[in-house]
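Inspection log for the structure reproduced underneath, given as structure tokens.
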Protein chains: 2
Amino acid sequence: MKIRKEYTCPLEIIHDILKGKWKTVILWQLKYHGKASLSQLEQDIKGISQKMLLEQLKELREFDLIDKLNFEGYPLKVEYFLTEDKGKKIIKALEIMQEVGQEYINECRKS
Amino acid sequence: MKIRKEYTCPLEIIHDILKGKWKTVILWQLKYHGKASLSQLEQDIKGISQKMLLEQLKELREFDLIDKLNFEGYPLKVEYFLTEDKGKKIIKALEIMQEVGQEYINECRKS
DNA sequence: CGGTATCCTTCGCGATACTG
DNA sequence: CAGTATCGCGAAGGATACCG
């Protein structure tokens with residue numbers, strides 16, 4: 001974990017966990033897929049590189065928001081998915097933000 | 001506004017709006033104060049500089065999450081507050097995140 | 001008290017190449 | 001298909017000084 005300092009507000013720790021361009025979008029994708037492989041996520045999240053994706057997935061795992069399952073044999077296969085507790089709870093917040101985001105987009109279309 | 005590109009996911013626009021270390025904490029403070037002056041916020045948000053605070057407040061205003069009221073006369077006085085629509089709606093998401101953040105903090109204390 | 005401007009350091013993140 | 005390593009640029013953000 002990359003957490004060190006004392007936090008004045010619980011929102012600060014959430015910022016440290018979710019910061020970066022990709023984390024919320026990755027969580028959002030996992031919400032819809034239920035389970036997804038690395039290459040699936042790479043295809044669905046436009047613009048992300050494999051390096052960034054793996055980096056962010058690793059951090060999300062360290063914070064118990066997602067987990068993964070490794071399958072034996074070739075070709076290699078993994079499944080990433082939201083954790084029942086923290087992962088699915090944070091999704092509730094993202095659902096609201098998604099709605100607000102949609103409002104911004106609708107307003108842009110008007111003008 | 002700093003928004004340009006096309007968005008694949010509404011969460012991307014929210015990221016562009018809320019990104020940075022301070023925005024969520026500022027919104028959270030305004031939720032509790034109702035209305036707050038610059039100096040009040042500066043005191044309550046530990047570690048923030050006046051420059052950062054003003055910068056972030058300006059951006060939050062541009063995105064209609066907060067607004068401000070200027071009072072005439074000396075000493076100068078302003079009041080910052082959440083907007084009824086977008087500001088108070090995004091707070092709903094922050095409330096959930098705040099809860100999850102508290103869980104992380106509680107778990108840290110155990111270990 | 002509220003707000004603007006400048007300088008400087010850190011780090012997010014994109015590109016690219018390589019391994020099991 | 002999944003994952004690791006390196007390099008470099010540009011933006012975020014901290015310190016500091018100054019203006020209405």
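Letters A, B, ... are given to chains in the order of the sequence lines, protein chains preceding strands, and every chain is numbered from 1.
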Open item on the list: Any salt bridge linking A/Glu12 with B/Lys21? Criterion: basic side-chain nitrogen under 4.0 Å from a carboxylate oxygen.
Closed with: no
Task: Ionic contact status for A/Lys89 with B/Glu103, cut-off 4.0 Å - done: yes
- [ ] Check whether the side chain of B/Lys51 and the base of C/dG3 form a donor-acceptor pair under 3.5 Å.
- [x] no
Within the structure shown, what part of the strands sits under 4.0 Å from [X] by heavy-atom distance: base, sugar-phosphate, or nothing?
X: A/Tyr80; result: sugar-phosphate
X: B/Gln50; result: base
X: B/Lys58; result: nothing
X: B/Lys19; result: sugar-phosphate

Using whole Å, report how far [atom1] of [X] lies from [atom2] of [N].
X: A/Lys77; N: D/dG3; atom1: NZ; atom2: C1'; value: 18 Å
X: B/Leu38; N: D/dC19; atom1: CG; atom2: C1'; value: 15 Å
X: A/Arg61; N: D/dA2; atom1: CZ; atom2: P; value: 14 Å
X: A/Glu42; N: C/dA15; atom1: CD; atom2: P; value: 12 Å
X: B/Leu41; N: C/dG2; atom1: CG; atom2: C1'; value: 12 Å
X: A/Glu55; N: C/dG14; atom1: CD; atom2: C1'; value: 10 Å
X: B/Met52; N: D/dA11; atom1: CE; atom2: P; value: 15 Å
X: A/Leu53; N: D/dC1; atom1: CG; atom2: C1'; value: 13 Å

Task: Full working for side chain to side chain contact (heavy atoms under 4.5 Å, CB included) between B/Trp28 and B/Leu30 - done: CA-CA 5 Å; B/Trp28 196 248; B/Leu30 288 178; over 6 Å; no
- [ ] Report yes if a side-chain nitrogen or oxygen of A/Ser37 is closer than 4.0 Å to either non-bridging phosphate oxygen (OP1 or OP2) of D/dC1; otherwise report no.
- [x]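 No, outside the criterion.
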- [ ] Tell me which of A/Tyr74 and A/Gly47 sits closer to the 5' end of DNA chain C, going by the nucleotide each one is nearest to.
- [x] A/Gly47
When you measure from the side chain of [X], which nucleotide among [options] comes out closest?
X: B/Pro75; options: D/dG13, C/dG14, C/dC1; answer: C/dC1
X: A/Lys68; options: D/dG3, D/dA15, C/dC13; answer: D/dG3
X: A/Trp22; options: C/dG14, C/dC1, C/dG3; answer: C/dG14
X: A/Val78; options: D/dG14, D/dA2, C/dG3; answer: D/dA2

Task: Between B/Asp64 and A/Tyr104, a side-chain donor and acceptor under 3.5 Å - done: no
Open item on the list: Less than 3.5 Å apart, any donor N or O on the side chain of B/Gln102 or B/Asn106 sitting next to an acceptor on the other?
Closed with: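 Checked: B/Gln102/B/Asn106 side chains pair up, N/O donor to acceptor below 3.5 Å.
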Task: Residue whose nearest DNA chain D nucleotide is more 5′ - B/Leu76 or B/Ser49 - done: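 Final value for this comparison: B/Ser49.
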